[in-house]
Amino acid sequence: MSGRQLLAAQAALAGGVVATLFLKELPGIVRELRIYRMTGGLRAHRRYP
C-alpha cells in the first residue's frame, strides 16, 4: 500500500467518524436551535440584558 492510498484510507475513516458523530448529535442540535429561536435569537439582547 502506497503512502497516498494510506492517506486516502485514513481520510475516509476520519470522514466516516465525523459524519457518524454529526448524525448522532443532530437531534440535540436541532432542539438547541429551536430553543434559541424561541428565545429571540440575535434580537434577545433587548429582552435579556
Side-chain angles (χ1 to χ4, degrees):
M1 181 177 273
S2 72
R4 187 170 290 185
Q5 289 173 332
L6 183 62
L7 188 61
Q10 288 176 343
L13 184 65
V17 169
V18 168
T20 302
L21 284 173
F22 180 74
L23 290 176
K24 184 179 175 195
E25 295 295 326
L26 190 60
I29 293 170
V30 170
R31 184 172 52 245
E32 291 292 330
L33 283 174
R34 190 173 296 143
I35 291 170
Y36 178 72
R37 285 196 344 226
M38 285 191 318
T39 58
L42 293 174
R43 301 176 308 237
H45 63 84
R46 290 178 288 169
R47 203 175 318 155
Y48 306 110

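In this structure, Leu6 belongs to a hydrophobic cluster whose other members, linked by side-chain heavy atoms under 4.5 Å apart, are Met1. With side-chain heavy atoms closer than 4.5 Å counting as contact, directly or through intermediates, the hydrophobic cluster containing Val17 also holds Leu21.
Under the side-chain contact (heavy atoms from CB on, under 4.5 Å) criterion, Ser2 pairs with Arg4, Gln5, not counting sequence neighbours. Remark: Ile29 engages Phe22, Glu25, Leu33 in a side-chain contact (heavy atoms from CB on, under 4.5 Å) (not counting sequence neighbours). For Val30, the side-chain contact (heavy atoms from CB on, under 4.5 Å) test picks out Leu26, Arg34, with sequence neighbours left out.
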